[in-house]
Amino acid sequence: MKLHYEVDGEEFAAAGQASGNIKKMLKQLGIASDVIRKISIAVYEAEINMVIHADGGTVDVDIQTDKIYIALKDTGPGIPNIDLAMREGYSTASDEVRDLGFGAGMGLPNIQKNSDFLKITSAVGVGTTVEIEVNL
Ligand SMILES: Nc1ncnc2c1ncn2[C@@H]1O[C@H](COP(=O)(O)OP(=O)(O)O)[C@@H](O)[C@H]1O
Ligand SMILES: [Mg+2]
């Protein structure tokens, strides 16, 4: 089963909508609560990143028999050094974004912790794709 969502980069207030909808859908499908918890955290963090660091993007979910695959794609500025970006506490968020409560630099480490597979593909000036898998 496949699901598709658009994430608006202008709308801070709406950030978290896609991950919230995915959570609801997985509950309806009777997916195990620990799987739902991991996916909700991982997708929320990646969704917020698309809003605060890029100009929004798309979320595609593929519910397979043995795992749930999620791809978050944006055409934002890209990540020049992914190893650095993965470090706990590393953030390029502006003071303005921090004042809104984002930019603690824990998003990517949290995605790593809450997924069974994580792949970040990024090119500066082109965009970023975050692929997440959680096993069922
Ligand atoms: N989709 C993205 N596009 C561009 N840069 C990103 C994206 N996601 C993450 N980054 C970069 O990786 C850094 C670390 O991300 P994260 O751990 O979520 O921390 P935070 O979002 O709090 O800054 C960000 O500060 C940013 O520089
Ligand atoms: Mg983040």
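Fair warning: this is a prediction, and the values are worked out from it, not measured in the lab. For ligands, and for the atoms within them, numbers begin at 1 and follow the listed sequence.
The two residues I79 and A85 have their closest heavy-atom pair at CG2-CB, 3.7 Å. Closest approach of A15 to I48, counting heavy atoms only: CB-CD1, 3.5 Å. Closest heavy-atom contact between I70 and I68: CD1-CG2, 4.0 Å. Listed here is the closest heavy atom pair of E47 and A18: OE2-N, 3.0 Å. Heavy-atom minimum distance, I31 versus I36: O-CD1, 3.2 Å. In plain terms, the two heavy atoms of I120 and L118 that are nearest each other are CG1-CD1, 4.1 Å.
The line from CG of D34 to CD1 of I39 is 9.5 Å long, rounded to the nearest 0.5 Å. For the atom pair CE (M50) and CG (D8), the distance works out to 10.5 Å, reported to the nearest 0.5 Å. Between K23 atom NZ and I41 atom CD1 the span is 8.5 Å, to the nearest 0.5 Å. Atoms OG and NZ, on S40 and K24 in that order, are 11.5 Å from each other to the nearest 0.5 Å.
Proximity of I48 to ligand 1, defined as any heavy-atom pair under 4.0 Å, is not found for any part of the residue. Looking at V130 against ligand 1, nothing comes within 4.0 Å, counting heavy atoms. Contacts of L108 with ligand 1, taken as heavy-atom pairs under 4.0 Å, involve both backbone and side chain. Looking at T92 against ligand 1, both its backbone and its side chain come within 4.0 Å, counting heavy atoms. For S91, heavy-atom contacts with ligand 1 shorter than 4.0 Å involve the backbone as well as the side chain.
Within the structure, side-chain hydrogen bond (donor to acceptor under 3.5 Å, both in side chains) contacts touching residues 120-136 (residues at least two apart or in different chains) are Y69-E131, S122-T128.
The shortest N or O to N or O distance between G105 and ligand 1 is under 3.5 Å. For ligand 1, the polar-atom distance check against I52 finds no nitrogen or oxygen pair separated by under 3.5 Å. Between P109 and ligand 1, no pair of N/O atoms sits closer than 3.5 Å.
The number of protein N/O/S atoms found under 2.8 Å from the Mg ion (ligand 2) is 1.
Contact of the F117 side chain with the I132 side chain is not registered, since no non-hydrogen atoms from C-beta on lie closer than 4.5 Å.
Atoms of ligand 1 found under 4.0 Å from any heavy atom of T128, numbered from 1 in the order shown, are 3 (N).
Heavy-atom proximity to atom 12 (O) of ligand 1, evaluated over G56, G78, A85, is greatest for A85.
Annotation: atom 21 (O) of ligand 1 to nearest protein heavy atom, H53 NE2, 2.8 Å. Closest protein heavy atom to atom 10 (N) of ligand 1: I79 CD1, 3.6 Å. Here the heavy atom of the protein found nearest to atom 1 (N) of ligand 1 is D74 OD2, 2.9 Å.
For the pair Y90 and ligand 1, a heavy-atom separation below 4.0 Å is found.
Between the side chains of T58 and E6, no donor-acceptor pair is found at a separation under 3.5 Å.
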